[in-house]
Structures are given as C-alpha cells and as structure tokens.
Amino acid sequence: MTILEILWFTLIGILWAGFFFLEGFDFGVGMQFAFNARDQKDREALYQAIGPNWDANEVWLVTAGGATFAAFPAWYASLFSGFYLMLFIVLLGLIYRGVSFEFREHMPTIQGTHIWERLIALTSFLVPFFLGMIFTAMVSGTPIDAHGNLSAGFFDYVTPFTLVGGIAVTLMSYIHGLNYSRLRIDGNVRVRASSQLKYLYPVLLAGEALFAILLFFYTDFLQTKTLLTLIILVVIVLTTVIGWFLTVKKQLEALPFVLSGLTLVEVVVLLFVGLFPRVMVANNPLYNLDIMNTSSSPYTLKLMTIVVITALPVTLGYQIWSFWVFRKRIVSHKVVE
Amino acid sequence: MVTLVGILDLARFQFAMTTIFHFFFVPMSIGLGVVVSVMETIYVIKKDEMYKKMAQFWGKIFILSFAVGVVTGLIQEFQFGMNWSEYSRYVGDIFGSLLAIEALVAFFAESTFIGLWSFTWDRFKPGVHVLFIWITTIGSAISSLWILAANSFMQNPVGYAIDNHMGRAELKSFGALLSNRQLWVEFPHVVIGTFVTAGFLVAGMSAFKLLKLKKAHPEIKFFRRSMNVALIIGLIGVAGALVTGDQHAFDLQSMQPMKYAAMEGVDKSITSSERKDKAQPWSLISVTNPDTHKVIAHIEIPYVLSILGNHSLTGGNTVGTTELEKEFQQKYGKTHSDIKDYYVPENTLFYSFRVMAMGAGGLLMLGVVALWMNRRKSKLILTQRWFLWILGVATFVPFIINTAGWLVTELGRYPWVVYGLMPISSAVSPNVSAMSLLISNIVYFLTFATLGGVMVWISRRALHAGPYAEEEEVESPSDPYDHLAKGVEA
C-alpha cells in the first residue's frame, strides 16, 4: 500500500462527499417541486435558487467517476458493470433532470411546463435513492468472482439494508434541500420548509438508528472497526440532533444548512472508513477488491496528484465565487413580475 | 459464445448510438459558444443593443444544446465502465486519467461559467459578462482536447508499456500522450468543425426566419446580421476543416493504412514499380463486395488520389486492402489468433468519407455565395427565396457531415478498440447480460428520440417567437394554482 494509493482513495471519498454536499441540496430542491410548491411562483423561485449551480454541482459526480477510472480502473470497471441497471437508472435520472431544467421554461403552456417540473421532482428523488442503494450494496458484500467481475441481477441488491440506505440518502438530501430553501428563498417556500423540517428531523433520526442496526448485520464495519464506526455513527446522530435543535428552536438558517450537508458527508466518511483498504466487498473475502489490486501505476497516480493539486484550488475558488455571486435571497412571490 | 456475440453487438450498437447522438450536441454547443461569444464581443465593442439581443437569442439555443450535450456526455463517461469493463481494466491507467483531467480542468469551468453567464446579464458590466461566455467556450474546447487525446490513444496508442504482471497497459509518458501525432490532426479538425456546425445552423435558421418575415419587418436586420456573423465563422470552419481534414487523411496512409484504403476504395495496391511515377486515379463511386472484399465496380477520376495522397500530380503509395489483410495476418496472427480478419466495412467508410468531403465542399460554395448575396448594401438575398430555402436546409448538413466523419474514424479502427493492441471483442463487459443491454439500448433510443424532438420543436418555436418576444408565456392565467396564490396574498 503506497501513500499515493491512500491519498487517491481519500480524494475519491472527498469528491463523493463534495458531490453529496452540493448536489444533495439541489436534489432536495428538485424534490420540493412536488412537496414544497403551491404555485408557479414557488416553482420558479425553486428553479432560480439552483439554476446557476446545479450543473457545476453535478461535475463533482463526473469527476468522482473519472477519478475512480483514473486511479482505480479495476474498481471502476467492477463497480460500473456490476451495478449496471441501477447505474442506468441513475443516468436516466440525471439525463431527464438536466434537460428538464432547461426545457421547462420553453413550454408554450403551463401544462407543458408542469410535465418537466414533475420530471424534475421524480428524477431528483430517483438519483439519490439509487446512489444510496448502490453505495450500501457495495459495502455489504457482492458476488465478485476471481477476475473481479460481479454478476448479479437487479433484485440481488435489494435488501432491507440497501433500501434503508437509499431512503436515508434521499431523506438527507431532501432535508438538506429544505435548509437550502430556507437560506435562499423568501416567502411561502421558506415558511413551509421550516414546518416540514419540524417533522422530518425525528424521522431521519429514526432512520439513522435503523441504518446503524442494519449496518451491524449487513457489513463487518462494527465487527472489524468497532470504535471508529461507532464514533462516526454518533457524530452523524449528533449532527442531526444539533441541526434539528438549531432549526426548530433557534430558527437559524446557515448553520443547519451546513450541518445537513455534513450528515451526507459523514455518511460518505462512514462508508469509506469501513471499506478501507478495500474498495468493494466480495462475498468471498479472497476476492475483495482493494486499493492495492485495483490501483493505477505509480506514474499515473503521481501525474494525477500533480493535476489535482494544481487544478482543484482554482476550481474550488471559482465555484465558491459563483455561490457568492448568487447569495442574494430570492423572494418566491416576486420572482415573476 | 452465442450470447457473447449478442452482448458484443449490443454494446457496439449502444456505443455508436450514444456517441452519434452526443456528438450532435457537442459541436453544436462548442460552435454556438464561439458564435455567441463573438456576438457579445461585438456588443461590448460597438455598444449596439442589437448584438446583445443576438447573443441572448442564440444563447438560448446554445444553453439548450449545452444541457443535452452534458447529460448525454454522462453516458459516455459511465459507458466505459458499464459496457466495456475489460477495456477499462486494460487501459484505465491511461484512458481514465485523461477523462479525469478533462473533468477537473475543463468541465468544471464550463459548467460554472455557463451558470454565471446565463443568470447575470443585468448584474455585471458588459465587459465582465462577456468574459463568462468566453471562459465557457474556451473551457469546452479544452474539454475536447482531453477527450480527443483519449480517442487518439485508441487510434494510435503511444506513451505506454504493457505490464505483464498486472496484465494491462500502463502509462509511461504523459508527454507522448499529449504530443500524439493523431491528436494534433484530430483536435484541430474537430474544433474547427464545430465552427461549421454552429455557423450553418445559425445561418440556416436565420434563412428560415427571413422567409417568414414580411417586407420591411424590423427583425430582418437582426437576422441578416446574425447570418453574416454566422457565415463568416462557418466559412472559417469549412476552410479549416478541409485543410486539417486533408492532413488527417494524408497521415492515415502510414498510421492506419487499412482505413485509408477502404476510404479510397482501393483493394489492390497501386504501388507496383511501373505505376510508381504515374498518376493514381481516385474513385468517385465504388462498390465493394463485403464478403470477398473485392471492388466490383468503380468510376475513377484520374490524378486525384495522387493529389490527395502524395500532394503531387503523380505517385503515391496506396496499399490495397487485400495486401494489408495479408500483412496484418502475419503481424498480429500469432498474438491475436481470435481475430478473423482485419477488413473494415469498406462501403460505409468509402461513402461516409465522400459525404463528409463533398458536404464540406458544398457548404464552402454555399457560404461564399450567401455571404455575397447578404452583403450590407444589397437586398438580393431577400428576393431570392429559393436560395434562402437551400441555406435553411443546409442547417442539417453539418450534423450529417459530423456523423460521417466519426463513422470513418471509429469504424475504420475495426477490429481494434485500441489500434494494434486490444481487439474490440475482448473489451466488452463479460458480466453484463444481453437483456440489460437490450433494455438500455431501447430506453436510450426512445430517450434520444424524445430529446431530439423536443430540441427541434423548442428551437423552431423560439425562432418563430423571435428575439424581441417577451417571455411571459409561463405566467399564463390558466395556472391551476394561481387563484390560490392570489388568495394567500390577499
């Protein structure tokens, strides 16, 4: 195991974490097209809140995929071919979601606009749900053969654990999106977001507890890395509780948003810490894929490290600047004048 | 074995379908980026509001094409892992790094700045705002550099070594990858080709609109000026594409001779000593029997193949497909015994190449005439309705040309996924079922049909509404929730 291999495993974790933090809230905002919008002005405000940013947020996913391909090609190959149909649904979701944002405003009738807005809500739900399922299935053991190939049908991955995993990621994204709406949108959307959060935080806490229990039965995390796993689980629960308290009792906005993003980040940390040094857990431990037997050559890892060190600060710089430019609150009943 | 053939065919079909569809929108969006950047730059310099409107109007189509390009590009990135896992394992060390670099250094920039550009028209000074579209455009051109570096590796693998222990190809020289001869003919050709696509798209759509506008309509000026900007960019594109394309084809003689021979319909070599200094004829029409790989019939034009292949009136060194087949059997037969033959689909390559080259030639003439007819002092173009029709129909020609170009490039790579290194048949995912592939093929097909249809429909509507239409349509009184909202406010 080399330092570069560990670094790249960590970096891929960071890219996924960044993706869930950023696109997490715009999935959440997308879902609000169905659950937190009463009229066209609300929906327009929701769109305005993520319109300039969703595309760049999605690039985190592209980069995570590309980085996995570059740094651990055998992981990329096994993961993407092994979870074929689930990834296919994720792709379809991202395709229809992306075009819906653009198509909706070009429709001649309000009914036409609603078609694409319903698609935004549906796909914003499907993508985090299936990503959650893929990630939980990936850590809970899959039928990998000696060559690293994974041959399993769609329903082999549907277990109580993966279902709870999918729902948890979706719910976390939704809550994250509600917090984002409170931060960015004024008016009815914001009021309803606050009242929905009141009920959703306890549901999430129950979900987290269930997830922790299932984690014990479906993975070896609590057996092999007991202390570390427990600490992260406690941190996830604490983050949620503090977020709940600050939202409902203190009526804060910015901090709960950061915290709901952090819960998503912490889930990624939980999974990556539990995996390490494996990248995919096989039912037969002999066939586990790990960072040693899937990694690229030292030359490529070194090259990629140089690229990341040079490019990532610049990238982060202009992305943060972009969020700064669009910091102003949108008033949901004034957006379409 | 039967199922494996099925998987391979389905995976190849999917790659062709998704790539062709993706590449409708790639040159369209990069090229429109250039057109819109130029228009907004003219606005900044001249301070003429019409050019601002122009950038905004064509910017709508640009944003739409960008969005469809992005989402279909996701399929491209995921597809290598999903359908071609053996390929990904074998060359991921090289190929994967190029895709990752693309995302990091280019895709992030395009996506961030297109968001900034489209949402901040009234928030930044024109001189700053125009920078956003330029960064987006340059970012997307840099994107294509990395993607084409990856493709160039497949066409002409360089800078790698085989690691027998790991059983894969590994990167040895990043510099070699970036200075790949193939890349530096392919990249300029593709980028300049985007100018053609967007140039004739904007000119063609303007022509359709001019056909509709009544005499002395105020928008006539808008669309005539749009057409001029677009035609100039389009003509630069055609000229550039012809020059780079010629170099590209020339290089194939040494780099991928089978592709070249098929493109030119040459089955028997014309290199024998008595013909060496003679002029080589070029086939205008040629039919090859796909089973025997012999040319059955052709119509030839003298000299032209010498001009193309030797840049001279005589000579050239065109090796025929049958000789190349023998040569490749000797060269690769031992290490790649699973490959039956090295022939490429001759007829498809032959006619794709002619469609591309002649299409470009046609656009060149059309563009020059259009630019002359549309000159400022003349109203000629408005009276010649037949000509506007031709220009309108020419909107679709670059899309056909682009597809033809990629068919030559990618089908001409057969039977290799990485030329001379890895056969296509050993690149496919062994663990993906034919049913999964069939489902995804059908759904992708329906999705593309829908997206393409909606794109064309929206573009037509936007054109019909014109640049000065107020966008209030969404706020129609038929909103079923509207009375509720008013109730809340009251």
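Numbered from 1 within each chain, the chains take letters A, B, ... in sequence-line order. FYI, side chains are in, hydrogens and waters are out, and symmetry mates aren't considered; it's all heavy atoms of this structure.
In this structure, OG in Ser322(A) is found 8.0 Å from CZ in Phe113(B), a value given to the nearest 0.5 Å.
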Can Leu104(B) and Leu312(A) be said to form a side-chain contact (heavy atoms from CB on, under 4.5 Å), step by step? CA-CA 7 Å; Leu104(B) 265 169; Leu312(A) 201 59; 3.9 Å; yes
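Taking the six-membered ring wherever Trp is involved, the centroid distance between the rings of Tyr444(B) and Phe88(A) falls below 6.0 Å.
Side chains of Asn431(B) and Tyr84(A): a donor-acceptor N/O pair is absent below 3.5 angstrom, by distance only. A donor-acceptor pair shorter than 3.5 Å cannot be found between the side chains of Ser297(A) and Arg168(B).
Residue contact with chain B, scored on non-hydrogen atoms closer than 4.5 Å, involves the backbone of Ser295(A) exclusively. Within the 4.5 angstrom heavy-atom criterion, no atom of Met435(B) approaches chain A. In this structure, no portion of Phe448(B) lies under 4.5 Å from any heavy atom of chain A. Contact of Ser433(B) with chain A is not made at all, since no heavy-atom distance falls under 4.5 Å. Both the backbone and the side chain of Ile95(A) come within contact range of chain B, each with at least one heavy atom under 4.5 Å from a heavy atom of that chain. Only the side chain of Glu86(B) has a heavy atom closer than 4.5 Å to any heavy atom of chain A.
Relative orientation of the Trp60(A) and Phe108(B) rings is perpendicular, given thresholds of 30° and 60° on the angle between their planes. A perpendicular orientation is assigned to the rings of Phe326(A) and Phe119(B), their planes being inclined by more than 60° (bins at 30° and 60°).
Top candidate by heavy-atom pairs under 4.5 Å with chain A, chosen from Thr450(B), Thr447(B), Ile439(B), is Thr447(B). Among Leu451(B), Val105(B), Val70(B), Thr72(B), the residue making the largest number of heavy-atom pairs under 4.5 Å with chain A is Leu451(B).
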